[in-house]
Amino acid sequence: MATILDGKAHADRMLELVRLGVEDRKARGLRAPALAVVLVGDDPASHVYVRNKAAACARVGITSIEHRLAADTHQEVLDTLIDQLNADSEVDGILVQLPLPKGLDSKEALHRISPAKDVDGFHPMNQGLLLEGLPGLRPCTPTACMSLLAHHGLQLKGLRAVVLGRSEIVGKPMALMLLEQHATVTIAHSRTQDLPSVCREADLLVAAVGRPGLVEGSWIKPGAVVVDVGINRVEDLALGERIFAAEPRKLEVLKAKGAVLCGDVRFGEAMQVASAVTPVPGGVGPLTIAGLLANTLTAAGAGR
Ligand code: NDP
């Protein structure tokens, strides 16, 4: 049976470090770091994420400032708000919650955020610094995954790592961070041929695709470490019966509540083959917020 890599416990450790950093600033007479969150429209999941971020800020003493805009907001209004936040010396970090409603250009918004306040680490300047292996604000999810792996003592040097997914926010930066730590990295995606064989080569498998239960137990090399970034809501009972065959409790929840959250990896099957696995929920999700607050503290420090 694999070890469960407890993301919640590691997030608590990361948040405690941030809290101590905030305390230290205050002891030096500096104000608390401030994170501005821009939420456009009514996407229910985004509202939940923003609420969770505000609660985490309160826990560590970071000031959280929320800016809500209507779903029919024009790009110029959003751009003007970002310009104001860029110029505001009381704001250290800016986060535009994605996805933006139709009609708004998320790339334009993200590229407009000052790189020094880009706590999501999505600005091309910060992505370029990562590519060059230089310090900068790095994307929260892969940074937090790396922190979790380091905490569990996984030696990445020389390891075969496969990253499933090539998005700018998870897959690509994750691959770069693993490469920086001297892993041999393969990036797989929707056009990869014979995905199961590619995955089976991995000593470390990171799944970030957004496809519930895509990765079967038979795709995992015995003893591999599996990091499941995917967060998927499953409502389809037939799908649930297929992907939760080795995870009866998930199936029970699906039947009882009509929906259940799961990752890209079939957790029950992975537990029988891998040496360590992150669960969903309670794995990478809590880590991402902790990474965001760590970046906010860093951005505040850089502003001094
Ligand atoms: P994207 O949709 O931007 O990217 C998905 C990637 O997966 C793409 O590269 C795509 O390939 C690839 N892909 C899709 N389907 C398949 C398939 N059948 N086989 C192989 N590859 C496939 O997603 P994100 O990177 O933004 O997010 C991925 C998942 O991680 C989602 O479930 C998301 O909710 C979750 N997430 C979780 C976070 C957390 O805090 N835990 C934070 C961020 C994301 P191609 O490029 O060829 O289209």
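Note that ligands are numbered from 1 as they come in the structure, with each ligand's atoms numbered from 1 the same way.
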Worksheet entry | His189 neighbourhood, listing ligand 1 atoms whose heavy-atom distance to it stays under 4.0 Å | 11 (O), 20 (C), 21 (N), 47 (O)
Fill in: Closest approach of any protein heavy atom to atom 44 (C) of ligand 1, naming residue and atom
Val170 CG2, 4.0 Å
Worksheet item: Is Asn232 touching ligand 1 with its side chain, its backbone, both, or neither, if touching means heavy atoms under 4.0 Å apart?
Response: side chain
Worksheet item: According to a 4.5 Å side-chain heavy-atom criterion applied to Ile, Leu, Val, Met, Phe, Trp and Tyr, with indirect links allowed, do Val226 and Val215 form part of one hydrophobic cluster?
Response: yes
Fill in: Min side-chain heavy-atom separation Leu156-Leu178 under 4.5 Å
yes
Worksheet item: Which of the atoms in ligand 1, numbered in the order shown and given with their element, are less than 4.0 Å from a heavy-atom of Val284?
Response: 41 (N)
Worksheet item: Between Val209 and ligand 1, which residue portion shows a heavy-atom distance shorter than 4.0 Å: side chain, backbone, both, or neither?
Response: both
Worksheet item: If we only count N/O pairs under 3.5 Å, is Ile231 in contact with ligand 1?
Response: yes
Worksheet item: Which residue holds the protein heavy atom closest to atom 10 (C) of ligand 1, what is that atom called, and what is the gap in Å?
Response: Ser190 N, 4.3 Å
Worksheet entry | Exercise check, heavy-atom protein proximity under 4.0 Å to atom 2 (O) of ligand 1 | no
Response to the item:
Looking only at protein heavy atoms, what sits closest to atom 39 (C) of ligand 1 is Thr288 OG1, 3.6 Å
Item to complete: Could you tell me whether Ser167 and ligand 1 have an N or O pair separated by under 3.5 Å?
Response: yes
Discussion item. For Gly285, state whether at least one heavy atom is located under 4.0 Å from any atom of ligand 1.
Written reply: yes
Worksheet item: Which atoms of ligand 1 sit under 4.0 Å from any heavy atom of Gly165?
Response: 6 (C), 7 (O), 9 (O)
Fill in: Close-contact set for ligand 1 against Gly210 heavy atoms, below 4.0 Å
28 (C), 29 (C), 31 (C), 32 (O)
Discussion item. I need the atoms of ligand 1 closer than 4.0 Å to a non-hydrogen atom of Ile169, numbered in the order shown.
Written reply: 26 (O)
Worksheet entry | Check ion pair Asp228-Arg266 (N to O, under 4.0 angstrom) | no
Worksheet item: Can you find a protein heavy atom closer to atom 27 (O) of ligand 1 than 4.0 Å?
Response: no
Fill in: Element-labelled atoms of ligand 1 that are located less than 4.0 Å from some non-hydrogen atom of Gly230
29 (C), 30 (O), 32 (O), 35 (C)
Practice prompt. If you have a sec, work out which protein heavy atom is nearest atom 19 (N) of ligand 1 and how many Å separate them, to one decimal?
Written response: Leu195 CD2, 3.5 Å
Worksheet entry | Hydrophobic cluster membership, Val119 vs Val170, 4.5 Å side-chain cutoff | no
Practice prompt. Considering only non-hydrogen protein atoms, determine which one is nearest to atom 18 (N) of ligand 1 and report residue, atom name and distance to 0.1 Å.
Written response: Leu214 CD1, 4.0 Å
Worksheet item: Any donor and acceptor pair, going by atom type alone, linking the side chain of Asp118 with main-chain N or O of His123 inside 3.5 Å?
Response: yes
Practice prompt. Over all heavy atoms of both residues, which pair between Ala116 and Ala299 is shortest? Give the atoms and the distance, please.
Written response: O-CB, 3.6 Å
Worksheet item: How long is the span from the CD atom in Gln127 to the CZ atom in Phe122, to the nearest 0.5 Å?
Response: 8.0 Å
Discussion item. For Glu235, is there an ion pair with Arg233 - N to carboxylate O distance below 4.0 angstrom?
Written reply: yes
Worksheet, complete the sentence: If you scan protein heavy atoms around atom 8 (C) of ligand 1, the nearest is Arg166 N, 3.9 Å
Item to complete: May I ask you to identify the nearest protein heavy atom to atom 42 (C) of ligand 1, giving residue, atom name and distance to one decimal place in Å?
Response: Thr141 OG1, 3.3 Å
Practice prompt. Identify whether the distance between the nearest side-chain nitrogen and carboxylate oxygen of Glu247 and Arg249 falls below 4.0 Å.
Written response: no
Discussion item. How far is atom 36 (N) of ligand 1 from the closest protein heavy atom, and which atom is that?
Written reply: Val229 O, 3.7 Å
Worksheet entry | Point-to-point distance, once rounded to the nearest 0.5 Å, from CG of Leu179 to OG1 of Thr184 | 8.5 Å
Worksheet item: Do Met14 and Ser147 come close enough that some side-chain heavy atom pair is under 4.5 Å?
Response: yes
Practice prompt. Please tell me if the side chains of Phe267 and Val280 come closer than 4.5 Å, counting only heavy atoms from C-beta onward.
Written response: no
Worksheet item: Do NZ/NE/NH1/NH2 and the carboxylate oxygens of Asp203 and Lys221 come within less than 4.0 Å?
Response: yes
